[in-house]
Amino acid sequence: QVQLVESGGGLVQAGGSLRLSCVASGSIFSNSAMGWYRQAPGKQREWVATITNIGNTDYADSVKGRFTISRDNAKKTVYLQMNSLRPEDTAVYYCRNIWNGYWGQGTQVSVSS
């Protein structure tokens, strides 16, 4: 069964950085587009960033220029480098295999002001 496990979340002050990781297992990772999404308390889940199987990236306007999505196919891992964090970035961040639609369990990111 496909599994995605996120890690790297935590508490950080505004202006700080975090690097999230998502490790895939039980699936073919290298040919799948992967995405990061987030969900703040009481709000809908929103798309953050996508990376295709060949490394093309796209970002939500709210994070463009601050976040970077990348992947390491040998490690079956997708990353989200988050810089210049803002309180409004506070959310549970989820990794998704866009090819098959599976989600990870999420990792909490909290940004204080």
Side-chain angles (χ1 to χ4, degrees):
Q1 186 175 7
V2 174
Q3 290 187 335
L4 301 172
V5 180
E6 302 97 333
S7 63
L11 177 63
V12 65
Q13 292 185 338
S17 297
L18 285 172
R19 183 174 182 254
L20 307 183
S21 299
C22 173
V23 180
S25 63
S27 67
I28 300 174
F29 175 84
S30 62
N31 67 345
S32 299
M34 302 291 293
W36 284 99
Y37 299 73
R38 66 187 182 186
Q39 188 165 20
K43 296 185 178 180
Q44 296 288 327
R45 189 170 299 183
E46 65 176 351
W47 168 74
V48 173
T50 300
I51 185 165
T52 71
N53 61 316
I54 60 171
N56 297 124
T57 60
D58 200 8
Y59 301 90
D61 288 342
S62 59
V63 307
K64 194 170 298 182
R66 300 187 297 121
F67 291 10
T68 302
I69 187 171
S70 61
R71 67 192 296 156
D72 185 334
N73 288 345
K75 294 183 171 66
K76 293 185 176 181
T77 302
V78 61
Y79 305 95
L80 186 68
Q81 178 67 47
M82 306 185 295
N83 299 326
S84 301
L85 283 163
R86 305 165 179 169
E88 54 262 42
D89 295 319
T90 295
V92 177
Y93 283 71
Y94 297 91
C95 177
R96 188 190 186 200
N97 184 321
I98 294 173
W99 177 253
N100 61 24
Y102 287 131
W103 298 91
Q105 291 297 305
T107 184
Q108 177 71 51
V109 172
S110 298
V111 184
S112 64
S113 60

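Note that these values count all heavy atoms, side chains included, but never hydrogens, waters or copies made by symmetry.
- Side chains of Gln81 and Phe67 form no contact here, defined as non-hydrogen atoms less than 4.5 Å apart.
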Side-chain polar contacts of residues 7-18 - donor-acceptor pairs under 3.5 angstrom, sequence neighbours left out - could you list them?
from: Ser17; atom 1: OG; to: Asn83; atom 2: OD1; distance (Å): 2.8

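- Annotation: side chain of Ile51 is not in contact with side chain of Asn56 (no heavy-atom distance under 4.5 Å).
- Cluster partners of Tyr79, using a side-chain heavy-atom cutoff of under 4.5 Å among ILVMFWY residues and allowing indirect links: none.
- Residues Met34 and Arg71 are in side-chain contact: their nearest non-hydrogen atoms beyond the backbone lie under 4.5 Å apart.
- Between Ser30 and Asn53, the closest heavy-atom pair is O-CB, 3.4 Å.
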Self-check item: Stepwise side-chain contact (heavy atoms from CB on, under 4.5 Å) check, Thr68 with Tyr59
Solution: CA-CA 8 Å; Thr68 302; Tyr59 301 90; 3.7 Å; yes
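- Side-chain contact between Leu4 and Lys76: absent, with no pair of heavy atoms (C-beta onward) separated by less than 4.5 Å.
- Two residues are said to be in side-chain contact when any heavy atoms from C-beta on lie closer than 4.5 Å; Asp58 and Trp47 meet this criterion.
- For Thr77 against Ser21, the heavy-atom pair with the smallest separation is CG2-CB, 4.2 Å.
- For Thr90 (side chain) and Val111 (main-chain N/O), a donor-acceptor pair under 3.5 Å exists by modelled atom type.
- In this structure the side chain of Val109 reaches within 4.5 angstrom of the side chain of Met82, judged on heavy atoms.
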Quiz item: Does the side-chain contact (heavy atoms from CB on, under 4.5 Å) test come out yes or no for Ser70 and Arg19, once each step is laid out?
Solution: CA-CA 11 Å; Ser70 61; Arg19 183 174 182 254; 5.6 Å; no
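- Every pair passing disulfide bond (SG atoms under 2.5 Å apart) that includes a residue from residues 49-113 is listed here, sequence neighbours excluded: Cys22-Cys95.
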Exercise. Take Gln39 and Gln44 through the test side-chain contact (heavy atoms from CB on, under 4.5 Å) and record every step on the way to the result.
Key: CA-CA 6 Å; Gln39 188 165 20; Gln44 296 288 327; 5.6 Å; no
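- Contact between Ala40 and Ala91 at its shortest, heavy atoms only, is N-CB, 3.7 Å.
- Residues meeting the salt bridge (charged side-chain N to carboxylate O under 4.0 Å, His left out) test with Asp72, sequence neighbours left out: Lys75.
- The cationic group of Arg45 lies under 6.0 Å from the six-membered ring centre of Tyr94 and within 45° of the ring axis, placing it in a cation-pi geometry.
- The heavy-atom pair separating Trp99 from Ser32 by the smallest distance is CB-OG, 3.5 Å.
- Side-chain N or O atoms of Arg66 include one that pairs as donor or acceptor with a backbone N or O of Ser84 at under 3.5 Å.
- Judged as a side-chain hydrogen bond (donor to acceptor under 3.5 Å, both in side chains), and not counting sequence neighbours, Gln105 has no contacts.
- Residues Trp36 and Glu6 meet the side-chain proximity criterion, which asks for heavy atoms closer than 4.5 Å.
- Atom OH of Tyr102 is separated from atom CG of Asn97 by 9.5 Å, given to the nearest 0.5 angstrom.
- Taking all atoms of both residues into account, the shortest heavy-atom contact from Phe29 to Ala24 is CD1-CB, 3.7 Å.
- Around atom NZ of Lys64, more than 12 heavy atoms belonging to other residues, nucleotides or ligands sit under 6.0 Å away.
- Tracing side-chain contacts under 4.5 Å through hydrophobic residues (I, L, V, M, F, W, Y), one reaches Ile69 starting from Val48; they form part of the same cluster.
- Electrostatic pairing of Arg86 and Asp89 does not count as a salt bridge here, judged by no charged N lying under 4.0 Å from a carboxylate O.
- Partners of Trp103 under the ring pair (Phe, Tyr, Trp, His ring centres under 6.0 Å) rule, at least two apart in sequence or in another chain, are Tyr37.
- By the 4.5 Å heavy-atom criterion applied to side chains, Thr50 and Ile98 are counted as neighbours.
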